[in-house]
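The structure appears below as structure tokens.
A note on names: the letters A, B, ... follow the listed sequences, proteins ahead of strands, and every chain is numbered from 1.
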There are 2 protein chains.
Amino acid sequence: MRSSKPTLQDVATAAGVSTATVSRCINQPAQVKETLRDKVNEAINRLGYAPHGAARALASRRSHTIGAVIPTIDNGIFANGIHYLQRGLSEANFTLLLASSNYSLDEELHEVRSLITRGIDGMVLIGEEHHPEVYEMLDRHQVPVVNLWTYNNQSLHSCIGFDNAAAGRKIAEHLVNMGHRDIAVISGIQIDNDRARERIEGVRQYLQEKGLELKPELVRECRYSAEQSSLALTELITAGHHFSAVICGNDILALGALSALRQLEIPVPKALAVTGFDNLEIIAALSPSLTTIDVPARRMGTLAATYLLNCIQTGNRDITRVQLPADLKVRETTNTVHST
Amino acid sequence: MRSSKPTLQDVATAAGVSTATVSRCINQPAQVKETLRDKVNEAINRLGYAPHGAARALASRRSHTIGAVIPTIDNGIFANGIHYLQRGLSEANFTLLLASSNYSLDEELHEVRSLITRGIDGMVLIGEEHHPEVYEMLDRHQVPVVNLWTYNNQSLHSCIGFDNAAAGRKIAEHLVNMGHRDIAVISGIQIDNDRARERIEGVRQYLQEKGLELKPELVRECRYSAEQSSLALTELITAGHHFSAVICGNDILALGALSALRQLEIPVPKALAVTGFDNLEIIAALSPSLTTIDVPARRMGTLAATYLLNCIQTGNRDITRVQLPADLKVRETTNTVHST
DNA sequence: TTGAAAGCGATACCAC
DNA sequence: GTGGTATCGCTTTCAA
């Protein structure tokens with residue numbers, strides 16, 4: 001009895017054919033006569049043969065692997081999209097190599113380099129802004145890439161996402177329509193995060209167009225954690241600033257804000273309106289229910305899989321830009337008209 | 001100018017040394033004289049050389065890759081643990097191959113097979129119950145495996161987790177102490193899910209010991225979705241069943257339950273107490289705050305990385321079983337004494 | 001349709 | 001310390 005794992009050669013010998021034939025049986029079964037194919041398959045099963053991925057990748061120059069680097073896997077924000085990306089890949093017998101950057105472009109570069117070394121056939125990133133070397137390496141290694149959670153019709157790289165600035169505008173517009181004039185913002189850290197910047201920029205622009213202003217002292221940045229957000233908002237309030245609505249950079253921040261307001265016994269939306277961003281499944285059960293932007297995470301994940309698999313199969317490297325809707329979901333945290 | 005990517009050979013030629021030396025410079029720099037090393041590194045940088053993962057894996061029989069198959073990446077339940085697993089691996093220059101099973105042991109088997117083909121050096125799974133072939137394959141390929149989210153001191157495989165049955169007992173005990181006698185359960189689908197079964201079994205046993213009974217008609221199974229849970233609980237209530245507390249299989253189910261109760265205008269915990277499981281970061285901001293079990297997701301992830309890296313490095317294959325605490329967090333959804 | 005054989009790009013053993 | 005080279009397991013021309 002052989003002690004180590006059977007190889008293609010072992011199968012070939014056992015079936016009385018060449019390794020080339022066995023390889024074909026596995027990869028292009030149609031090209032092998034049925035009688036032979038049966039013999040080979042029998043041998044494969046009898047020996048419990050499983051192909052060796054690395055050898056395969058080395059010889060074929062295809063790893064059947066897609067890499068993704070996301071800011072964090074820690075919460076549901078990106079997890080949902082990644083879930084569908086992974087499912088899409090799995091159906092095509094591709095595997096997902098997942099890494100996280102902790103919202104740092106330098107860490108992202110490091111992870112991208114590592115993934116490229118691993119020989120990924122395609123790459124998924126979040127946002128459009130990346131270390132220049134990231135794009136350079138991807139390009140040099142001919143690895144197709146698609147940016148998610150962002151849409152820019154002039155981007156030099158493929159993207160499947162939504163317009164973050166427009167989404168920010170929608171929120172601002174809604175609040176202004178509800179009578180709010182003094183609006184605060186609790187944003188995620190904006191450095192290295194183009195989505196966060198664009199969202200707030202959308203808000204700022206809309207307000208400006210309406211002759212309003214996003215006052216710098218009403219804008220706070222903090223890590224994407226409910227706790228940090230809670231602190232930030234509490235500070236803002238105890239500092240005596242006046243505002244009737246607070247726009248949060250994502251649902252987690254909004255959750256933290258709501259929890260702070262509850263402790264301060266400030267009624268929502270009566271005294272203060274709150275908005276989130278992402279429409280996480282779980283926040284649907286919240287009370288008061290949260291007004292937020294419905295981010296098409298699932299579709300971004302699914303489409304990213306389809307897009308990359310297609311690039312790999314056809315060798316096509318054209319830039320594709322897909323804009324998905326990101327609609328405002330008006331719910332209880334903003335459903336009261338504010339009168340000045 | 002060379003059009004394709006530089007290889008070890010190219011670097012060797014450029015530096016005027018052998019491929020063996022270049023390889024050493026990369027893997028055991030200490031064994032190479034400094035002068036030579038500098039020359040080689042200069043060549044590496046000049047050519048923009050990056051090692052080829054597959055070739056490396058083929059030659060060294062190490063892929064520097066760990067596989068994980070989790071039930072779903074869709075929500076925060078496992079994402080948090082995976083996040084820290086990934087961080088731990090990344091620090092050691094290992095990469096995470098992530099797949100999901102959709103809570104099906106057959107799908108899990110499929111994914112495990114795929115990952116093994118990819119040549120993973122270690123494997124992370126959730127729960128102890130897996131398709132027998134999973135263990136068999138892992139064993140045959142000598143891939144060390146660790147089961148997370150489960151602890152069993154007699155397990156034949158390494159595990160890092162907590163005692164699900166004991167956690168279930170804690171919940172039941174707390175509720176009984178608060179005066180509850182009629183308890184309902186909304187559980188996740190129990191087939192293919194040992195954690196769900198154990199939790200409920202813990203509840204059942206504790207009640208039995210106290211001369212109480214977990215009535216079959218008060219137990220509902222549903223997918224882990226807030227919506228499904230909401231429906232299940234509404235059904236239970238409109239069917240006219242009597243119970244003063246409902247134990248939910250995880251926080252997502254609890255969230256759904258709370259949302260149903262809000263719509264039915266049933267006060268929590270006054271008329272009905274509710275418990276969850278997992279202590280997701282985001283639910284901390286909920287109101288009323290949720291009584292739940294604090295699952296050590298972060299530590300499981302971190303320790304899994306450490307454990308597997310150690311197995312790989314030392315070749316040690318001893319079974320390791322780590323029990324982590326999973327404590328009850330008593331909060332508002334159960335903080336009222338129930339009088340019969 | 002099938003087989004022989006040349007790589008794919010590194011590692012690691014064995015000499016020197 | 002350093003270099004030569006067999007080897008890892010599979011894919012893929014090219015001929016037959």
When you measure from the side chain of B/L8, which nucleotide among C/dG3, D/dC10, C/dT11 comes out closest? C/dT11
Contact check, side chains of B/T72 and B/I77, non-hydrogen atoms, under 4.5 Å: no
Both A/T19 and A/L36 contact DNA chain C. Taking the nearest nucleotide for each, which residue is further toward the 5' end? A/L36
Interatomic distance where NZ belongs to A/K5 and P belongs to D/dC8 [whole Å]: 13 Å
Nearest-nucleotide 5' precedence on DNA chain D, B/L58 against B/Q31: B/Q31
Would you call the rings of B/F78 and B/Y103 parallel, tilted or perpendicular if under 30° counts as parallel and over 60° as perpendicular? tilted
With respect to the phosphate group of C/dG9, does any side-chain polar atom (N or O) of A/R61 fall under 4.0 Å of OP1 or OP2? yes
Tell me whether the side-chain N/O atoms of B/S60 come closer than 4.0 Å to OP1 or OP2 in C/dT11. no
Given C/dG3, C/dG9, D/dT11, identify the nucleotide with an atom nearest to the side chain of B/A59. C/dG9
Hey, which sits more toward the 5' end of DNA chain D by its nearest nucleotide, B/A20 or B/A55? B/A20
Using 30° and 60° as the class boundaries, would you call the ring planes of A/H157 and A/Y135 parallel, tilted or perpendicular? parallel
So how far off straight is the helix from C/dT1-D/dA16 to C/dC16-D/dG1, going by the axes through five pairs at either end, to 10°? 30°
Atom CD of A/E34 with >12 non-hydrogen neighbours under 6.0 angstrom: no
Tell me the interatomic distance from B/N27, atom CG, to C/dA10, atom P, rounded to whole angstroms. 11 Å
Rounded to the nearest angstrom, tell me the gap between atom CD1 in A/I26 and atom C1' in D/dC10. 9 Å
Looking for any heavy atom pair under 4.0 Å, which part of the strands does A/R24 touch: base, sugar-phosphate only, or nothing? base
Distance only, no hydrogens: is a donor on one side chain within 3.5 Å (strictly under) of an acceptor on the other, for A/H130 and A/E108? yes
Spacing between A/Q9 atom CD and D/dC10 atom C1', to the nearest angstrom: 11 Å
Please check this pair: side chain of A/R298 against backbone of A/Y84, looking for a donor-acceptor N/O pair closer than 3.5 Å. no
Send over the distance from B/H64 NE2 to C/dA10 P, rounded to a whole Å. 15 Å
Any A/S100 side-chain heavy atom under 4.5 Å of A/E111 side chain: no
If the cut-off is 4.0 Å, is B/R56 near the phosphate of C/dT11, judged by side-chain N/O to OP1 or OP2? yes
Take atom CG of B/D10 and atom P of C/dA10, then tell me their distance rounded to the nearest Å. 9 Å
Just to confirm, is there a sub-4.0 Å distance from OP1 or OP2 of D/dG3 to any side-chain nitrogen or oxygen of B/T21? yes
Remember a base hit wins even if backbone is also touched, and classify A/V32 as base, sugar-phosphate or nothing at under 4.0 Å, heavy atoms. sugar-phosphate
The side-chain hydrogen bond (donor to acceptor under 3.5 Å, both in side chains) partner of B/N152 among B/Q323, B/E128, B/R321 is B/E128
Report the distance from atom NE2 of B/H141 to atom P of D/dG9, rounded to the nearest whole Å. 12 Å
C/dG9 OP1/OP2 closer than 4.0 Å to side-chain N/O of B/T7: no
Once you round it to whole Å, what is the distance between P of D/dT12 and CZ of A/R62? 10 Å
For A/S23, which contact category applies under a 4.0 Å heavy-atom criterion: base, sugar-phosphate, or nothing? base
